[in-house]
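A quick write-up on the structure given underneath.
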Amino acid sequence: QVQLVESGGGLVQPGGSLRLSCAAPRFTLDYYAIGWFRQAPGKEREGVSCVGYSDGSIYYSESVKGRFTISRDNAKNTVYLQMNSLKSEDTAVYYCAANLMRSSCNTGAPIQHEYSYWGQGTQVTVSS
C-alpha cells in the first residue's frame, strides 16, 4: 500500500535543476523524520538526505552535499528535495520515506529498515 507520493521527476540536462515533492495524502508526516533515497540501475538503494521534524536536523550524503537542499512544509504535509547542478550520476529512481522510529536526523545517514512508509518513486534522468 502506497503511503507517500513523490512527484517532480523528469529528464533534465546536466547542470539543470529539479524539485521533488513528497506528499502524504492519507496520514500526517508530523513527528517523523523523512528521508530521500535513490536507486540507480544496477546499484543498491542509497540514502541521500534526511530532515527531522522539529529539531532542524538535516543530513546529506557526500555525493549530493552542496547541490541538494531538503526542506519540509509541515503545514502542507510535504517534504521537498531541491536538486541543483545535476550530474549524470544523479540519474536514479528517487523515493521518499517516513521513519516512524525517529523524529530527528541527527544520527547520520538514513537507515533504510527504520523507514516504514515509502512512496513508489519518481524517475530522475540527467542526460544531454
#### Entry: Heavy-atom pair of closest approach, residues Gln3 and Pro25
O-CD, 3.9 Å
### Message
Measuring from atom CD of Glu46 to atom CD of Gln39, what distance do you get when rounded to the nearest 0.5 angstrom?
### Response
9.5 Å
### Shortest non-hydrogen separation from Cys22 to Trp36 and the atoms involved
CB-CZ2, 3.6 Å
## Note on the structure
Nearest heavy-atom approach of Asp30 to Asn77 is N-OD1, 4.4 Å
### Query
Between Leu4 and Leu29, is a side chain to side chain contact (heavy atoms under 4.5 Å, CB included) present by the stated rule, with each step listed?
CA-CA 10 Å; Leu4 305 179; Leu29 297 179; 3.8 Å; yes
### Query
Once you round to the nearest 0.5 Å, how far does CD1 of Ile111 lie from CZ of Arg102?
6.0 Å
### Query
Near Glu89 CD, under 6.0 Å, is it more than 12 heavy atoms from other residues, nucleotides or ligands?
yes
### Task
Take Asp90 and Met83 through the test side chain to side chain contact (heavy atoms under 4.5 Å, CB included) and record every step on the way to the result.
CA-CA 9 Å; Asp90 295 317; Met83 306 186 297; over 6 Å; no
### Task
Could you label the plane-to-plane angle of the Trp118 and Phe37 rings as parallel, tilted or perpendicular, counting under 30° as parallel and over 60° as perpendicular?
tilted
### Message
I'd like to know whether Leu86 forms a side chain to side chain contact (heavy atoms under 4.5 Å, CB included) with Phe68, so could you lay out the CA-CA distance, the side-chain angles of the two residues, the decisive distance to 0.1 Å, and finally the verdict.
### Response
CA-CA 9 Å; Leu86 283 162; Phe68 291 11; 3.8 Å; yes
### Summary
Looking only at heavy atoms, the pair that brings Pro110 and Tyr115 closest together is CB-OH, 3.4 Å
### Summary
To the nearest 0.5 Å, atom CG of Leu11 lies from atom CD of Gln123 at 9.5 Å
### Query
What about Val51 and Val64, same hydrophobic cluster or not, with Ile/Leu/Val/Met/Phe/Trp/Tyr joined at side-chain heavy-atom distances under 4.5 Å?
yes
### Query
For Ser63 and Ser61, does a side-chain donor sit closer than 3.5 Å to a side-chain acceptor?
yes
### Task
Take Tyr53 and Asn74 through the test side chain to side chain contact (heavy atoms under 4.5 Å, CB included) and record every step on the way to the result.
CA-CA 8 Å; Tyr53 171 60; Asn74 294 332; 3.6 Å; yes
### Query
Can you hop from Val93 to Tyr80 via hydrophobic side chains spaced under 4.5 Å?
no
### Message
Could you tell me if Ser104 and Ser57 have a donor-acceptor pair between their side chains, going purely by distance under 3.5 Å?
### Response
yes
### Ring centers of Phe27, Tyr117 separated by less than 6.0 Å
yes
### Message
Quick check against the 3.5 Å criterion: does Arg38 have a side-chain atom that pairs as donor or acceptor with the backbone of Val124?
### Response
no
### Task
Output yes when a side-chain donor or acceptor of Thr91 lies under 3.5 Å from a complementary backbone atom of Val126, and no otherwise.
yes
### Query
Short question: side chain of Arg72, backbone of Gly52 - any donor-acceptor pair under 3.5 Å?
yes
### Query
About how many Å separate SG of Cys105 and CG of Asn99, when rounded to the nearest 0.5 Å?
7.5 Å
### Query
What is the distance from atom OG of Ser71 to atom CZ of Arg19, rounded to the nearest 0.5 Å?
7.0 Å
### Task
Output the distance between atom OH (Tyr32) and atom CE (Met101), rounded to the nearest 0.5 Å.
13.0 Å
#### Entry: Hydrophobic cluster identity match, Leu20 and Tyr60, side-chain contacts under 4.5 Å
yes
## Note on the structure
Closest non-hydrogen atoms of Gly8 and Leu18, given as atom of the first, atom of the second and distance, are O-CD2, 3.7 Å
### Message
I'd like to know if the side chain of Glu6 reaches the main chain of Gly121, judged simply by a donor and an acceptor atom lying under 3.5 Å from each other, with no hydrogens or angles considered.
### Response
yes
### Task
Spell out, as yes or no, whether a donor-acceptor pair under 3.5 Å connects the side chain of Ser49 to the backbone of Tyr59.
yes
